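Labels below follow one simple rule: chain letters A, B, ... track the order of the sequence lines, proteins then strands, and each chain is numbered from 1. Below, each value reflects all heavy atoms present in this structure, side chains not excepted, and no hydrogens, waters or symmetry copies. What you see is a predicted model; the values in this text were computed from it and never measured.
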There are 2 protein chains.
Amino acid sequence: MEDQDPPAPAAFSPATADDVAALAGVSRWTVARAFKKDASISQKSRRKVMAAAEKLGYVPDLLAASLASDRSNLVALVLDDFENPHKLVMLERLTRVLSREGMGVLLVNMLGADAAGALLSASQRRVDAAVVIGTRFDDRLLAAALEARRVKQLIVFARTSAVPNTLSIACDDAVAMRAIADHLLAAGRRRPMFVAGPDSRSATLERKAAFLGHWRARTGRTPGVIHVAGYDAGSALAGVAGTLAGREGEAAPDALVCENDIIALGAIDALRYRLGLGVPERIAVTGFDDIPLAGAPAYGLTTFRQPITDMAKHLARILGGTGRGSVLLPGRLVVRTSA
Amino acid sequence: MEDQDPPAPAAFSPATADDVAALAGVSRWTVARAFKKDASISQKSRRKVMAAAEKLGYVPDLLAASLASDRSNLVALVLDDFENPHKLVMLERLTRVLSREGMGVLLVNMLGADAAGALLSASQRRVDAAVVIGTRFDDRLLAAALEARRVKQLIVFARTSAVPNTLSIACDDAVAMRAIADHLLAAGRRRPMFVAGPDSRSATLERKAAFLGHWRARTGRTPGVIHVAGYDAGSALAGVAGTLAGREGEAAPDALVCENDIIALGAIDALRYRLGLGVPERIAVTGFDDIPLAGAPAYGLTTFRQPITDMAKHLARILGGTGRGSVLLPGRLVVRTSA
DNA sequence: TTAATCATTGCTCGCGCGAGCAAAAACCGG
DNA sequence: CCGGTTTTTGCTCGCGCGAGCAATGATTAA
């Protein structure tokens, strides 16, 4: 007797719908219907099926289902920036909302802006849609990639998009930047500068354009711009410190409007620890995104919060069939101590 | 003539191996071989096939391949904590390394510690393995979930695991905490406290145990412990401020050893902005993970960096078939100004 | 030149399920 | 109890590909 080994779990082969059907005494398709909402099936058979399924530990195989139908209930989330903690917040919301709708999330790292490769690997898994969440990627790059490898649907998240055949779900940057500009004006700031990331050619200059445009409209003057070398705090620190070193009086800004929170934190550090300028006494600083650390007392960053949950819900609606076009959702200015 | 509309891209149906085979004048299986490394195929046919594939924009359908074989080349990454930016670093490394090996990443949000649900949705997509990256999840929970829904392989990442049939890839916490303790001792600190997260029952107490044990071994005294309410900076701030308020002299610690960087940042803020205690003059603070912001001048956090890339590579090796057991990789103490 | 050997190619069968329709069963008023 | 409905159930076919073997052609030793 060799009853020593436990029933080798490695050799276990999961139950199929046929197994359940046999046990429940119905056909395979009745089993399928039992697992489908709004299916035409009697309470009695559904109960029978569910009992049998429970006993066998059966769950429908989504892979086979994807192959048979042409929906995979899988969406690719394509990311090109893992330095901004705000991306993590987005991932959390998106995975939460999408999984509640029964959709899976394929996370794709868009290394070195290889949009084509990213969308390719997504399409190989038959994703229902690819959602691009990024700052660096270029619209033209995306358009080309979209043309070459057809993902059924391309959705640009947290940014507007000029790519045709593309939906965009974003927060209204123009409104946001106006709110920031008005807040600074109301606080008596008169010589702001905009601190942007390196990708001057990409669509992230939307915030920049909105801010500069609104400020000019209200004051007649166009603020200067600092481009830092990367979307990380270190680059922002170096860039801001380098640009502002030695500026005094009217040549020095009295506010820095930053493209996002990470850059803003770097800017604050540059002002305080490199230039010895008080924030907000001498220079006000604003960010964008409201990352978790923005609220830390060390920074107290005044920033703008995007309605991520609403955006995620809208995405789910689009993927679910309800919900139609691109949207621009309103966000909210979060005033803290930095401005 | 209605050549006005471009060939509707929506109706486009991707080429299959059969299409390529027809165009190249070979059989479907020769096409498959052309796309497989180390397959038995002549140079000539491979070139023919590749040319035809290029022309049709064919790429193998991984979904169908997964169904036919029993490898999906899909790995579930199960996360239960999206507040720690370090998780984003891990995601970046893991997606990068795994995608280079041809594996896809399914991101699963383990909401409310629902390990069973998370593993279930992973298994429904036939993942080759589920990689759990978390702080909150409980080993028993995991064991139960593993039992119920068999994922072929369960791998615990960045933590050791006592669950049977499980592999673990982690940094050696014991060595790490010893390094931190020794560093503090060398700097003359004598009354440290450990700042831990809320999950006293979970396996994250490994770091705590390692630190307390080593400190006791070297000094004969057991440091106190502060449990904060959550793994976020706000909770850490509140918890540390609340616990230390009013302590003076010998009753006050001269060092706070924190379970991770997020808690450490909250602790620093508590000391500086609530208690008015200088860091590191009055109290030294250490963290764990070396998140990007740890190096910001506002904090200058002394911390411990895990070898994420090596850990990811080891994971890829395990999934690829080479690479066998659990590992404990060495990390590195990063000394900055906070301790 | 012939049989043996090897590289290369083709094929049968099935992975687990869904769409869409046909068959069966249940229901209903007269 | 019957024809007409409506609900419920079953079935054929195929999604795109892989495992593993059989067949084909190429190559070599005898």
Task: Among N84(B), L88(B), D81(B), the one residue meeting side chain to side chain contact (heavy atoms under 4.5 Å, CB included) with L88(A) - done: L88(B)
Task: Greater than 12 external heavy atoms within 6.0 Å of K313(A)'s NZ - done: no
Task: Salt-bridge criterion met for R28(A) and D19(A) (N-O under 4.0 Å) - done: no
Task: Earlier contact from the 5' end, DNA chain D, for R28(A) and Q43(A) - done: Q43(A)
Open item on the list: In this structure, how many angstroms lie between the P atom of dT8(C) and the CD1 atom of I41(B), rounded?
Closed with: 9 Å
TODO: Kindly compute the distance separating CG (L77(B)) from OG1 (T95(A)), expressed to the nearest 0.5 Å.
DONE: 11.5 Å
Task: 5' to 3' contact window, DNA chain D with chain B (heavy-atom distance under 4.0 Å) - done: dG16(D) to dA19(D)
Open item on the list: I want to confirm an ordering. Mapping R46(B) and A64(B) to their closest nucleotides on DNA chain C, which one lands closer to the 5' end?
Closed with: R46(B)
Open item on the list: I need the CG-P distance between D38(B) and dA7(C), as an integer number of Å.
Closed with: 14 Å
- [ ] Identify whether any heavy atom of S40(A) sits under 4.0 Å from a base atom; if not, whether one sits that close to sugar-phosphate; answer base, sugar-phosphate or nothing.
- [x] base
Open item on the list: Consider side chain to side chain contact (heavy atoms under 4.5 Å, CB included). Of V131(B), L119(B), V132(B), which one does V151(B) pass it with?
Closed with: L119(B)
Task: Sugar-phosphate only, base, or nothing, as touched by S66(A) at under 4.0 Å among non-hydrogen atoms - done: nothing
Open item on the list: Show the nearest heavy-atom pair for residues S121(A) and V108(A), with the distance to one decimal.
Closed with: OG-CG1, 4.1 Å
- [ ] Please report the C-alpha distance between N109(A) and E92(B) in whole Å, then the side-chain angles of each, then the deciding distance to 0.1 Å, and finally whether the side chain to side chain donor-acceptor pair (under 3.5 Å) criterion is met.
- [x] CA-CA 7 Å; N109(A) 187 334; E92(B) 198 280 328; 3.2 Å; yes
Open item on the list: Assuming nearest nucleotide by heavy-atom distance, tell me which of Y58(A) and S45(B) is located more 5' along DNA chain C.
Closed with: S45(B)
TODO: Figure out the CZ/P separation between R47(B) and dT8(C), and round it to whole Å.
DONE: 13 Å
- [ ] Identify whether any heavy atom of K36(A) sits under 4.0 Å from a base atom; if not, whether one sits that close to sugar-phosphate; answer base, sugar-phosphate or nothing.
- [x] sugar-phosphate
- [ ] Five pairs at each end of the helix from dT1(C)-dA30(D) to dG30(C)-dC1(D): take the axis at both ends and give me the angle between them to 10°.
- [x] 30°
Open item on the list: Counting the atoms with a prime plus P, OP1 and OP2 as sugar-phosphate, which does R126(A) contact under 4.0 Å by heavy atoms, base, sugar-phosphate, or nothing?
Closed with: sugar-phosphate
Task: Donor-acceptor pair between S72(A) and R126(A) side chains, under 3.5 angstrom - done: no
- [ ] Before giving the answer on side-chain contact (heavy atoms from CB on, under 4.5 Å), spell out for I155(A) and I169(A) the whole-Å C-alpha distance, their side-chain angles and the decisive distance to 0.1 Å.
- [x] CA-CA 7 Å; I155(A) 297 172; I169(A) 301 174; 4.1 Å; yes
- [ ] Find which nucleotide of DNA chain D each of D61(B) and K44(A) is nearest to by heavy atoms, and output the residue with the more 5' nucleotide.
- [x] K44(A)
Open item on the list: What contact category does L67(A) fall into here, base, sugar-phosphate, or nothing, at under 4.0 angstrom with non-hydrogen atoms?
Closed with: base
Open item on the list: Within the 4.0 Å heavy-atom criterion, would you say T16(A) contacts the bases, only the backbone, or no part of the nucleic acid?
Closed with: sugar-phosphate
